[in-house]
Amino acid sequence: MTLAASFEIEYLQYLGPDGVPVAEFPESLRDAALLLPLFKQMLYVRTFDTKAIALQRTGKLGTYAACLGHEATHVGIGAAMRPEDVFAPSYREYGAQFMRGVRPRDVLMYWGGDERGNDFEGPKNDYPWCVPISTQCLMASGAALAFKLRNEPRVAVACCGDGGSSKTDFYAGLNASGAFTSPLVLCVINNGWAISVPRGAQTGAKTLAQKGLAGGLYCLQVDGNDLVAVLEAMRRATERARSGQGGSVIEFMTYRLHDHTTADDARRYRGEQEVKDAWTREPFLRLRKYLVDQKLWDEAQEKAWIEECGKLIDVEINAYLECPVQPVEAMFDYLYGDMPEDVRAQREYAISLENRR
Amino acid sequence: MTLAASFEIEYLQYLGPDGVPVAEFPESLRDAALLLPLFKQMLYVRTFDTKAIALQRTGKLGTYAACLGHEATHVGIGAAMRPEDVFAPSYREYGAQFMRGVRPRDVLMYWGGDERGNDFEGPKNDYPWCVPISTQCLMASGAALAFKLRNEPRVAVACCGDGGSSKTDFYAGLNASGAFTSPLVLCVINNGWAISVPRGAQTGAKTLAQKGLAGGLYCLQVDGNDLVAVLEAMRRATERARSGQGGSVIEFMTYRLHDHTTADDARRYRGEQEVKDAWTREPFLRLRKYLVDQKLWDEAQEKAWIEECGKLIDVEINAYLECPVQPVEAMFDYLYGDMPEDVRAQREYAISLENRR
Amino acid sequence: MNAQVKPDSTAITLIEAITQALAYEMRNDPSVLVLGEDVGVNGGVFRATAGLHAQFGSQRVIDTPLDETTIAGLTVGLASQGMKPVAEAQFDGFMYPMVDFIVCHAARMRYRTRGRLTCPMVLRVPWGGGIRAPEHHSEANEAIFTNVPGLRVVMPSSPQRAYGMLLSAIRDPDPVIFFEPKRIYRQYKEVVADDGEALPLDVCYVLRDGTDLTLVTWGAQVKETLEAAEKLAGEGINCEVIDVATLRPLDFATIAESVAKTGRCVIVHEAPKTAGFGAEIAARLAEESMFDLLAPVERVTGYDTHIPLFRLEMKYLPSVDRIVTAARRAMAAG
Amino acid sequence: MNAQVKPDSTAITLIEAITQALAYEMRNDPSVLVLGEDVGVNGGVFRATAGLHAQFGSQRVIDTPLDETTIAGLTVGLASQGMKPVAEAQFDGFMYPMVDFIVCHAARMRYRTRGRLTCPMVLRVPWGGGIRAPEHHSEANEAIFTNVPGLRVVMPSSPQRAYGMLLSAIRDPDPVIFFEPKRIYRQYKEVVADDGEALPLDVCYVLRDGTDLTLVTWGAQVKETLEAAEKLAGEGINCEVIDVATLRPLDFATIAESVAKTGRCVIVHEAPKTAGFGAEIAARLAEESMFDLLAPVERVTGYDTHIPLFRLEMKYLPSVDRIVTAARRAMAAG
Ligand SMILES: Cc1ncc(C[n+]2csc(CCOP(=O)(O)OP(=O)(O)O)c2C)c(N)n1
Ligand SMILES: Cc1ncc(C[n+]2csc(CCOP(=O)(O)OP(=O)(O)O)c2C)c(N)n1
Ligand SMILES: [Mg+2]
Ligand SMILES: [Mg+2]
């Protein structure tokens with residue numbers, strides 16, 4: 001039998017669900033203290049998530065997409081990026097975004113129905129949240145092409161879900177990266193579900209990582225609940241990208257512990273047992289166990305940090321709640337760089353209606 | 001190293017460019033006499049192609065997409081299909097279509113600017129020529145889903161080019177086939193060029209066959225100038241499909257010996273040497289050599305057959321040339337099953353303009 | 001309109017009427033199937049397909065991979081091979097990737113093959129704003145399809161019309177884009193007999209008779225328009241209210257007849273003004289009813305900008321107040 | 001219009017003016033790049049990018065993989081990260097897969113981020129019928145984009161306007177859909193100074209002064225419309241001819257001013273009639289010029305069906321004869 005091609009896709013896991021290493025940690029992560037700030041960040045994100053859900057439940061926020069269970073993947077992605085890189089999120093990777101300077105109040109503004117949430121003060125070139133699934137993957141491929149054309153050592157990182165890996169834009173993004181050898185890292189965050197559709201219904205592919213083969217990209221599958229594996233995968237992919245070796249597709253195996261969004265009721269379509277099982281593999285507890293074993297963390301520290309997180313986030317929540325609604329003209333003012341006459345006239349009219357009240 | 005997945009993609013070749021077998025023929029093709037009618041069909045197609053180009057050059061046909069060099073792939077695909085299967089061509093697979101009952105006059109009508117070319121008398125459920133690249137692949141995936149849902153042992157076969165394998169619809173088609181385990185065979189006819197863009201610029205993937213891995217399909221790469229390899233690949237793929245094992249992506253390695261279409265001038269973008277080299281690997285000569293060696297073919301037979309082909313095709317050309325233009329109302333009559341009033345009024349108006357002249 | 005009320009009928013909402021029509025036609029025609037994202041076990045994010053999966057199984061109620069191109073392409077493939085697929089675009093803002101298949105294949109299958117192959121499909125689209133949803137969940141993008149020959153574009157605005165028009169859409173031999181005004185999915189209930197009676201796909205509905213002014217609208221804006229008519233009646237202005245219901249093909253005769261009587265017309269729609277479908281209606285008036293018009297035509301529409309996120313969206317949508325003002329202006333003119 | 005004619009200028013065609021503008025702006029702005037299918041070594045299937053690859057290399061003149069979604073998405077990505085991409089859709093009929101990125105991202109980047117990111121891109125589209133081309137090579141689909149806020153939609157119809165408007169399109173801070181009427185790519189030559197002078201993207205051009213009737217058109221139909229005006233002049237009917245040139249934003253003032261003078265208007269376009277952009281112009285007349293109109297507005301357009309394959313296509317396109325007939329009818333009315 002003559003072979004036209006053959007491929008192997010590696011699976012990375014270092015820290016098992018029980019918090020015990022299953023393989024020697026990668027060299028760059030042998031110092032467990034390096035993990036501590038990221039662990040704390042995971043806790044910060046989880047605190048934020050809980051509070052955001054509560055805000056929605058009390059009518060102070062619109063539909064909100066929780067990130068419960070995804071913290072290791074999100075924080076690991078954020079940690080691996082440099083400020084000058086560009087991040088193209090889908091809509092729930094707050095952990096990555098916070099590390100890049102997006103503020104909780106931005107998240108709340110966005111889900112609170114205010115476009116100013118997308119006007120990040122932090123990462124000026126990062127993309128806004130992206131509702132049309134996986135279009136951010138292709139946009140990021142364009143960004144990566146820009147970096148390549150300008151010879152800039154920057155990386156474009158995009159996230160999408162298991163559902164998103166079915167989207168044609170995902171394919172277009174990775175294929176273009178392969179065609180141009182551009183610095184793109186596509187992170188497929190496989191949390192098992194796309195709203196009510198299980199991973200198995202999306203594709204016949206055994207892994208989502210292998211979708212990268214369609215464009216000749218570097219492919220990896222990792223335990224997305226294992227921060228160490230996430231960091232190592234991202235290190236490999238970003239280094240490849242930055243050094244001109246081209247793009248990657250990484251599949252992060254995790255689980256969506258919450259409903260799809262606050263508008264969803266997952267009990268309609270998935271069993272309780274599956275969720276219970278997933279809780280035994282979630283990213284936070286295993287890392288805590290490991291850090292406690294390493295004497296880097298204890299209950300007192302945790303209590304203090306949770307309290308501090310609460311305070312930090314409450315400041316953000318207040319900033320959000322106190323922010324007045326944009327004036328009516330805001331719906332015209334950011335449409336064009338040079339406002340056409342017709343739009344200007346409608347703007348005046350809309351303002352005149354306001355004054356009438 | 002833990003593996004998430006590994007893949008091997010087979011390459012099929014039986015009859016080398018010099019007409020000498022390079023591997024034992026597959027069992028079903030050991031009787032060389034079986035190849036004879038297909039060889040004759042290849043010659044018929046080539047005769048048609050030459051005449052069609054001549055028609056275009058003399059102003060009797062619009063833009064025409066030649067199939068020179070693709071005959072083994074096209075005829076092999078047609079031979080592997082059953083009448084009840086559905087074929088979704090791109091725009092140059094005449095060899096496959098003739099075997100399914102499409103007539104040369106249909107081809108000429110279509111490229112001659114007349115929609116009636118798509119109204120095949122032969123294969124009633126086959127798709128018409130498809131100009132928007134690779135959309136036929138996804139449409140065929142829908143057809144395959146229909147067969148699957150109705151439990152019919154039918155196969156949907158679609159063709160696209162190397163360029164077409166970059167198209168998002170191609171990915172959508174194969175992914176859906178994988179998701180539904182539907183009876184789809186996607187034939188990627190890699191002729192090295194997409195108009196002026198070489199295969200290497202389309203993707204970073206080493207093979208186009210491997211794109212099927214993105215949907216978990218069965219993948220094969222074959223020498224598309226070797227009729228035996230084409231037949232074997234199609235046998236495997238259609239049998240899998242018909243028996244409920246799902247879809248395939250087959251990459252046929254061939255070469256576009258002509259310009260992209262008669263509207264193109266390939267000298268602008270590709271070297272003569274490459275074309276010369278390709279002529280040494282083309283499908284017709286090698287099979288002739290083999291059949292002559294097998295004492296199944298000789299010059300006299302060839303001369304007679306070419307003459308007969310010429311006559312058969314001239315009948316078709318005349319039928320095309322003599323077919324009067326459709327009346328003006330034809331542009332309204334096939335738009336809706338139930339013609340809306342507005343359209344009917346415009347139809348009457350258009351007819352009235354005719355009568356005025 | 002004239003659905004016969006059977007004794008066992010109970011009042012249902014617009015979205016329930018959709019479900020009822022789907023179930024009816026699936027029971028009666030085995031080639032009808034439903035496909036889309038989350039339409040299966042979950043019953044659709046708006047519950048339009050609730051219960052269908054349990055009733056008809058996964059061969060007839062199909063969750064697709066998450067890709068609108070895929071949904072559109074599979075639908076055309078299914079429709080051209082003997083099925084009658086009813087596809088769902090989860091929200092208006094996600095249907096753009098479907099444009100290629102709709103324009104290039106659905107709308108042309110019959111034309112291109114001289115009737116050899118056809119494409120009897122329905123694309124259901126929860127449409128429009130005003131439900132405080134995230135981005136791309138609130139768009140009024142019907143104009144994209146109204147210039148495309150070979151399509152029918154419809155938008156019911158009552159439970160009865162939703163039921164009857166969905167039945168005809170499924171039975172129609174050609175592709176139908178079926179917009180559902182999601183803001184009024186659950187606005188009110190109406191008795192809708194489950195009798196399989198279809199309603200025509202080429203008529204406008206006169207919802208209120210009047211003599212002074214014609215208000216023309218469709219979709220969720222029927223609500224505000226009727227309210228405006230009520231308010232104007234209080235001022236002695238008698239409005240005729242027309243629900244266009246089917247945009248393509250347009251039943252202009254009904255509108256022209258009304259304007260011949262009233263001499264004044266205000267068109268109300270949610271989509272941005274410029275080149276919205278209201279332009280076509282105004283254009284027809286300028287062509288065919290010019291000598292009937294006593295006052296300039298008015299359009300009360302969404303502004304020529306994107307519908308804002310929800311904090312501002314109600315300021316974007318045409319309000320009763322804006323309709324009333326335009327109507328008064330039309331009455332004052334000429 | 002007022003491009004200064006330099007002594008070294010030679011007369012060039014519309015397509016050559018496109019190439020000249022691209023080369024000018026690429027020389028002067030290193031962030032400008034060109035991408036699409038076959039735009040590189042091959043110089044584009046219409047030769048619009050001929051010579052650019054040799055001049056500027058593969059980093060600035062980029063052959064993309066064969067996928068319009070890819071082209072649109074990469075273009076938005078490039079534009080939002082500091083480049084000024086000029087993308088080509090090879091033919092009008094292949095731009096539908098680009099709709100999603102154009103509507104959801106290009107047209108919203110600035111709006112969505114409150115100006116933090118922008119999308120200064122141009123999409124060049126060889127547009128329209130009449131060149132005896134295969135299917136999907138002859139479509140007039142501008143209406144799809146004219147209802148989309150955040151876009152500019154332009155269509156030059158002379159070499160000078162092509163040059164000046166393409167320069168402004170590239171320099172514009174927002175996305176511009178740049179339709180090129182391919183039927184008149186090589187219709188005639190005009191002296192076009194290569195001086196980098198841009199033309200505004202918000203004005204209509206009066207191509208011929210007249211007092212009796214206003215003919216409004218754009219794209220390749222400018223040819224037939226001017227011919228019709230000539231013919232009508234022979235009958236003593238003095239037509240003003242307006243090339244809309246920029247559809248969005250529409251310079252309605254110029255049209256209104258003309259109609260205020262003539263009292264009669266015939267709109268001519270290639271696209272199907274129903275909900276074509278002509279409807280918007282007629283609607284504006286019905287709203288703002290009603291009391292100026294002496295006769296009903298007329299639209300002479302493509303029929304409400306797909307443009308046929310080339311044996312019949314000239315019967316589809318508006319002819320001089322059809323324009324003249326409509327003009328005579330407008331003169332007779334009222
Ligand atoms: C183009 C498009 N289609 C549909 C939707 C509606 N939608 C929002 S999220 C979602 C599921 C996404 O699943 P996945 O990609 O797995 O990401 P997850 O939410 O699980 O993180 C769907 C269908 C959308 N936002 N965009
Ligand atoms: C959507 C779309 N984009 C562009 C084109 C123009 N076009 C026609 S054929 C072609 C190249 C196709 O190359 P390939 O897929 O390799 O097939 P081949 O012609 O080589 O058989 C292009 C770009 C088209 N027909 N459809
Ligand atoms: Mg998911
Ligand atoms: Mg090719």
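The figures that follow rest on heavy atoms only: side chains count, while hydrogens, waters and symmetry mates do not.
Heavy atoms closer than 4.5 Å to chain D are found in the side chain of B:Arg116, but not in its backbone. Contacts of D:Phe94 with chain B are made by side-chain atoms alone, with heavy-atom separations under 4.5 Å and no backbone atom involved. Contact annotation for D:Tyr316: both backbone and side-chain heavy atoms come within less than 4.5 Å of a heavy atom of chain B. Contact annotation for B:Val343: only side-chain heavy atoms (C-beta onward) come within less than 4.5 Å of a heavy atom of chain D. In this structure, chain D has no heavy atom under 4.5 Å from any part of B:Thr203. Looking at B:Leu335, the atoms closer than 4.5 Å to chain D (heavy atoms on both sides) all sit in the side chain, from C-beta outward. Of the atoms belonging to B:Trp111, heavy atoms from both backbone and side chain fall under 4.5 Å from chain D. Residue contact with chain B, scored on non-hydrogen atoms closer than 4.5 Å, involves the side chain of D:Pro134 exclusively.
For the set B:Gln326, B:Arg347, B:Met331, the count of heavy-atom pairs under 4.5 angstrom toward chain D peaks at B:Met331. Contacts with chain D were tallied for B:Ala201, B:Gly112, B:Pro327; B:Gly112 has the most, counting heavy-atom pairs under 4.5 Å. Per-residue counts of heavy-atom pairs under 4.5 Å with chain D were compared for B:Val328, B:Asp342, B:Val325; the largest is that of B:Val325. Per-residue counts of heavy-atom pairs under 4.5 Å with chain B were compared for D:Thr274, D:Val41, D:Asp304; the largest is that of D:Asp304.
Here D:Arg329 pairs with D:Glu298 under the salt bridge (Lys or Arg N to Asp or Glu O under 4.0 Å) rule; sequence neighbours left out.
Side-chain contact check for B:Gln97 versus B:Tyr94: some heavy-atom pair is nearer than 4.5 Å. Put simply, the side chain of D:Phe91 reaches to within 4.5 Å of the side chain of D:Lys182, judged on heavy atoms. B:Tyr91 has its side chain out of reach of B:Val131: every pair of non-hydrogen atoms, C-beta onward, lies at least 4.5 Å apart. In this structure the side chain of D:Glu88 never reaches within 4.5 angstrom of the side chain of D:Leu35, judged on heavy atoms. For the pair D:Arg108 and D:Val103, the minimum side-chain heavy-atom distance is below 4.5 Å. Looking at heavy atoms from C-beta onward, D:Arg328 lies in side-chain contact with D:Leu232 at the 4.5 angstrom threshold.
The stretch residues 169-177 of chain B places none of its residues near chain D, where near means some heavy atom under 4.5 Å from a heavy atom of that chain. Annotation: residues 67-75 of chain D contacts chain B through D:Asp67, D:Glu68, D:Thr69 [non-hydrogen atoms, separation under 4.5 Å]. For residues 52-64 of chain B, the interface with chain D (any heavy-atom pair closer than 4.5 Å) comprises B:Gly62, B:Thr63, sorted by residue number.
Across D:Arg311 and B:Pro324, no two heavy atoms sit closer than the pair NH1-O, 3.8 Å. Minimum heavy-atom separation, B:Ser134 to B:Gly164: OG-O, 2.7 Å. Of all heavy-atom pairs spanning B:Arg270 and B:Val275, the tightest one is NE-CG2, 3.6 Å.
Panel note: side chain B:Thr207, backbone B:Gln210; a donor-acceptor pair is recorded below 3.5 Å. For B:Asp106 (side chain) and B:Phe120 (main-chain N/O), no donor-acceptor pair under 3.5 Å exists by modelled atom type.
Side chains of B:Glu274 and B:Trp193: a donor-acceptor N/O pair is present below 3.5 angstrom, by distance only. D:Tyr185 and D:Glu180 are linked by a side-chain donor-acceptor pair at a separation below 3.5 angstrom, with hydrogens and angles left out of the test. A donor and an acceptor atom, one from each side chain of B:Tyr110 and D:Glu135, are located under 3.5 Å apart. Donor-acceptor pairing under 3.5 Å is lacking for the side chains of B:Arg92 and B:His258. Between the side chains of B:Tyr269 and D:Asp38, no donor-acceptor pair of N or O atoms lies under 3.5 Å.
Figure legend: cation-pi geometry between D:Arg299 and D:Phe277 absent, as NZ or CZ is not positioned both under 6.0 Å from the six-membered ring centre and within 45° of its axis.
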**Request:** Dump the intermediate steps for salt bridge (charged side-chain N to carboxylate O under 4.0 Å, His left out) on D:Glu224 and D:Lys231, then the final yes or no.
**Result:** CA-CA 10 Å; D:Glu224 282 72 24; D:Lys231 198 161 169 188; over 6 Å; no

